[in-house]
Amino acid sequence: MPLLAELEALPRTGCLPTARRETKLRSLMEKVVIIGSGCAGLTAALYTARANLRPVVLTGRQPGGLLTTTTVVENYPGFPDGIDGYELMVRLQKQAERFGAQVRFGSVEAVDLSRQPFALTVDGEPLAAETIIIATGASHRHLGLESEHKLENKGVTYCATCDGALPPFRNQPLVVVGGGDSACEEALYLTRFGSIVYLVHRRDTLRASKIMAGRALAHAKIKPVWGSVVTEVLGLEQDKVTGVRLKNVKTGTATALDCAGLFIAIGLIPNTHLFKGVIEMDETGYIIPREGTATNVRGVFAAGDCVDKVYRQAVTAAGLGCAAAIEAERYLAAKNE
Ligand code: NAP
């Protein structure tokens, strides 16, 4: 019987079985478990693997993280011609695996950080860890409209790279919502497919970096719609997006815009709900580190987009992943001295 199955088969109550379970758990203990396989997680894996700690990386439902859904990454150092986001993450995983990182497809359902070793449940299976690096990243923010929810995957999407080339969007008017780098990137990508791309933003200046904003606004196919918010996604009766209802935030005037696709790019929310009430975080869910990447729980470190709401770049996530790995390694060395 495989070890994990054997552990599961042990009764959970009673003095002797519980003690046996603890002993078994210790025998299954990993030195480092990294939750998340984006830039932060895989960089932490690379560093802890090179420190001979044989880290386990739990991929989550999106192996490689959000970067796998982007097209060309132009600002990651070392790639003068840019690199495809998916390819970058595949290379990073291979690099970590070369030194002994164990990348496992799986999502963490529960964690118990109240005792050592820390206990995790991964797709129903137990896992024990001496240290944990939280690198769970962030997910796309939603507008929060009922019609948005009902028409998700029926014309409402959060990823132009994943869905932009689909037949319903070809040669059709498309709407992108947002004013940041993501919205500009999505809009530019969609110009390959749509007849026109409306960039709907709630203010009248873009938040995006100058280079991205300049490119988007200079593109003949991109038409900005300033000072406007989407109040409803139209097409419920047809069971597909046919347009959006907009409201001008200054005048309150309502208008409708025909479109076949609504691409929402209004930022990110950190994936930290699993640690709520245990790991210190701010009111928006970003983890607040105590010192460096250390959290309020000794032996638990955090890195990447689940911590950083200021820079949120691939390279800063990688940097934080490196820092978390070094701190985890030092923590283990001090603990086992
Ligand atoms: P972001 O920079 O936080 O921008 C979010 C945008 O959505 C803002 O313009 C915001 O409006 C708008 N917004 C937020 N909530 C909204 C709502 N409920 N309704 C309507 N609009 C709303 O997020 P991001 O563009 O996803 O970028 C995240 C990070 O990744 C940034 O640090 C960015 O630089 C980075 N990134 C970089 C690249 C690149 O370098 N190529 C590409 C993508 C992302 P306000 O402006 O009014 O706040």
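Atoms considered below: every heavy atom in the structure, side chains included; atoms not considered: hydrogens, waters and symmetry mates. For clarity, every value in this text was computed on a predicted model and none was experimentally measured. Order of appearance sets the numbers: ligands from 1, and atoms from 1 within every ligand.
When the heavy atoms of Arg202, Arg207, His140 are ranked by distance to atom 1 (P) of ligand 1, first place goes to Arg207. Taking all heavy atoms of Gly180, Ala208, Gly267, Ser182 into account, the minimum distance to atom 23 (O) of ligand 1 is reached by Gly267.
Side-chain atoms of Leu120 and Ile35, non-hydrogen and from C-beta on, do get closer than 4.5 Å to each other. Taking 4.5 Å as the limit, some side-chain heavy atom of Ser107 sits within range of a side-chain heavy atom of Asp123.
Scanning the protein for heavy atoms near atom 36 (N) of ligand 1, the closest one is Asp181 CB, 3.7 Å. Considering only non-hydrogen protein atoms, atom 35 (C) of ligand 1 sits nearest to Gln313 NE2, 3.5 Å. Looking only at protein heavy atoms, the nearest one to atom 41 (N) of ligand 1 is Glu185 OE2, 3.3 Å. Remark: minimum distance from atom 14 (C) of ligand 1 to any protein heavy atom is reached at Ile266 O, 3.3 Å. Of all protein heavy atoms, the one closest to atom 9 (O) of ligand 1 is Gly179 N, 3.0 Å. Nearest protein heavy-atom neighbour of atom 3 (O) of ligand 1: Arg312 NH2, 3.4 Å.
If you number the atoms of ligand 1 from 1 as listed, the ones under 4.0 Å from a heavy atom of Tyr311 come out as 32 (O). Of all atoms in ligand 1, listed by their number and element, those nearer than 4.0 Å to a heavy atom of Arg203 are 45 (P), 46 (O), 47 (O). Interface atoms of ligand 1 facing Asn75, defined by a heavy-atom separation under 4.0 Å, are 39 (C), 40 (O).
Residue-to-ligand polar distances keep Leu143 apart from ligand 1: every N/O pair is separated by 3.5 Å or more.
Heavy atoms only, all atoms of each residue included: Ile83 and Arg91 are closest at CD1-NE, 3.9 Å.
A donor-acceptor contact shorter than 3.5 Å is absent between the side chain of Lys223 and the backbone of Ile196. With hydrogens and angles ignored, the 3.5 Å screen pairs a side-chain donor or acceptor of Ser228 with a backbone N or O of Trp226. Remark: the backbone N or O of Thr231 is not paired with any side-chain donor or acceptor of Lys247 at under 3.5 angstrom. With hydrogens and angles ignored, the 3.5 Å screen pairs a side-chain donor or acceptor of Thr272 with a backbone N or O of Gly285. Looking only at distances, no side-chain donor or acceptor of Ser147 sits under 3.5 Å from a matching main-chain atom of Glu232.
Remark: distances from the non-hydrogen atoms of Glu74 to ligand 1 are all 4.0 Å or more.
Ring planes of Tyr331 and Phe301: perpendicular class, angle over 60° (limits at 30 and 60°).
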